[in-house]
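All values below come from the heavy atoms of this structure, side chains included, with hydrogens, waters and symmetry mates left out. First the proteins, then the strands, lettered A, B, ... as listed; each starts at 1.
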Amino acid sequence: MDSAYALIIIVIVVITVAVKRKQLKGGANKLFFYLLVCLALGLLVLHEMELEISLMENAFIYYCVKEIMRMMKR
Amino acid sequence: MKDKMTISTMQLMLLVCSLLVASNMTSLPMALTESSRQDAWFSFVLSIPYGIGMAYLFWRLARAMPGKNVFEMAKLAGGKWFGGLLNALLIGYLALDLISQLRLYGDFFSASILLRTPSEYVVLLTVVLLMYIATGSSEHLARANVVFVAVFILFYISLPILLLNEIDMQKLEPILSNGVLPPLKGGMLAVGLFGDLIVMGAFLHHVRKPRDIYFAVKTGVIFSAFMLTIWLFCVVSVLSPLIASRMIYVGWIVVQQIHITDFLDRVDLFLISLYVPVILIKLAILYTGMLTGLASYTKKKNYDSINVLTGLLIAMLTDILFSNMDEVVMFNNYGIMTISIGVQIVFFGCLVIALAIRRSSIRSIADDKQSGGYGTGVWIGLIGCLLAIGFGTFYGSVRGYYGIVSGVVYACFLLMCIYFSLREYRQTTMKEA
């Protein structure tokens, strides 16, 4: 766990919410903004848990890359 | 973000150059030399017709719906829900492209320049810079790009001269002796990596005339292909295809080979300081394009409020989505190609069909695409390049001399293509003035 990284992210999120909160107009804008705040905090938790959702482990991407590499190196 | 700003034809052309050249210099030579060996420098001829096709598509779309970017066009043609779904697809692709490019850039910095700085901090600082750039307008980005990319092009085009004492022409031989497959495989990879071009659709509303978009993108693509051909020529002739195919950051190694007397031994540091702003501009183009897409979901089309949070999400996803450097390089060289082609077929296919259905309700403008005889010159140059490759692949294995002749003829036709595209571009801008 990298507490400095987490601290930087939290400080930036808090400052952004404090500054932008009153400038938001309309329900959709507010919803979009707070959804992003929740996503950022959720992702930070996953990041600090050192979770890795490797893109290359995705079956579609893995087989595509494997087949293309096989074709290119033939 | 001031949406009323306009981008000139030259600025758009140079934005295309930054978008296509800088990032493809880092790890692409590895993939191309792996598949095409010494013929890797013939790879970019196929990406030129692809780029011209994209330019034509942008021109037709901008003519059908003037003053709109592709995200607004999708909403206008496909309606709120279907258009929104198409936009989500394109935003997802742009985010994936940005994340992989950011990670490649972060790992490159951590491995080669800032050895004691963790990659995640390099990425975070870069993202903060991208957020700052996004607070300005697209015109600011285009103006900054003109300054950096002009010097960048000047120095990188003169690389064959700077590397003259290191170039060994024998490393390029036998030219095209392995048949048509090696240049074709390299060409397919290059086409996939030129897929980034779709992001220019987010800037269509900044260009005054639809016709300018066609000429700017077309010239930008041809010039980028020319620069990357020079780059691959230097990589293969200086390092040999075998070494180049086993190095991830081969570009860094090539510029380190510049030794112009003992006094100018570290020209690489100067060149890398030119390379970094250009790659940052590429990242900024992708980031701004993505934000423009996200802003299309709001009524005011303004991304100021979501800029910082989106940037933080991108920074954290960059760390989470890849385990190591090998994965990033594999994804960048081989994985993004499939996604890029798939997204473009689905997005533009649906957009064109929806546009054809709703043609009567959309206000389009008449616009001519006159380019005199120069446009024909570009196509003759391209066909000449393909014929030279064809000749080399058939007769290069018979006698080495034929391969050398086809290589020289290919270079001449590529230069002809550049000349006519620049003349065509100049003619357009002269008409405007």
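Between B/M131 atom CE and A/T16 atom OG1 the span is 7.5 Å, to the nearest 0.5 Å. Here the OG atom belonging to B/S323 is positioned 10.0 Å from the CE atom belonging to A/M56, to the nearest 0.5 angstrom. With rounding to the nearest 0.5 angstrom, the CD1 atom of A/I8 is 9.0 Å from the CD atom of B/E120. Interatomic distance, A/N58 CG to B/F331 CZ, rounded to the nearest 0.5 Å: 9.0 Å. Between the CG atom of B/D304 and the NZ atom of A/K20 there is a distance of 5.0 Å, given to the nearest 0.5 Å.
In this structure, A/L44 and B/L312 have side chains that are not in contact, with every pair of non-hydrogen atoms separated by 4.5 Å or more. The shortest side-chain heavy-atom distance between A/Y5 and B/M316 falls under the 4.5 Å cut-off.
Heavy-atom pairs under 4.5 Å with chain B peak, among A/V13, A/L43, A/I15, at A/L43. For the set B/L309, B/I320, B/D319, B/L317, the entry with the most heavy-atom pairs within less than 4.5 Å of chain A is B/I320. Most heavy-atom pairs under 4.5 Å with chain A, from the set B/S35, B/A315, B/S36: that is B/S35. Looking only at heavy-atom pairs under 4.5 Å with chain A, the residue among B/L294, B/I99, B/L181 that has the most is B/L294.
Looking at B/A31, neither its backbone nor its side chain comes within 4.5 Å of chain A, counting heavy atoms on both sides. Heavy atoms closer than 4.5 Å to chain A are found in the side chain of B/L124, but not in its backbone. With a threshold of 4.5 angstrom between heavy atoms, B/I336 does not approach chain A through any atom at all. If you measure heavy-atom distances from B/L96 to chain A, the contacts under 4.5 Å come from the side chain alone. In this structure, chain B has a heavy atom under 4.5 Å from the side chain of A/I61, while its backbone stays farther away.
Atom OH of B/Y132 has 12 or fewer neighbouring heavy atoms from other residues, nucleotides or ligands inside a 6.0 Å radius. Within 6.0 Å of atom CZ in A/F32, more than 12 heavy atoms from other residues, nucleotides or ligands are found, so the atom counts as buried in its surroundings.
Of all heavy-atom pairs spanning B/S305 and A/L24, the tightest one is CB-CD2, 3.8 Å. Across A/C64 and B/T338, no two heavy atoms sit closer than the pair SG-CG2, 3.7 Å.
Across A/M72, A/K66, A/M71, a single residue satisfies side chain to side chain contact (heavy atoms under 4.5 Å, CB included) together with B/Y334, and that is A/M72.
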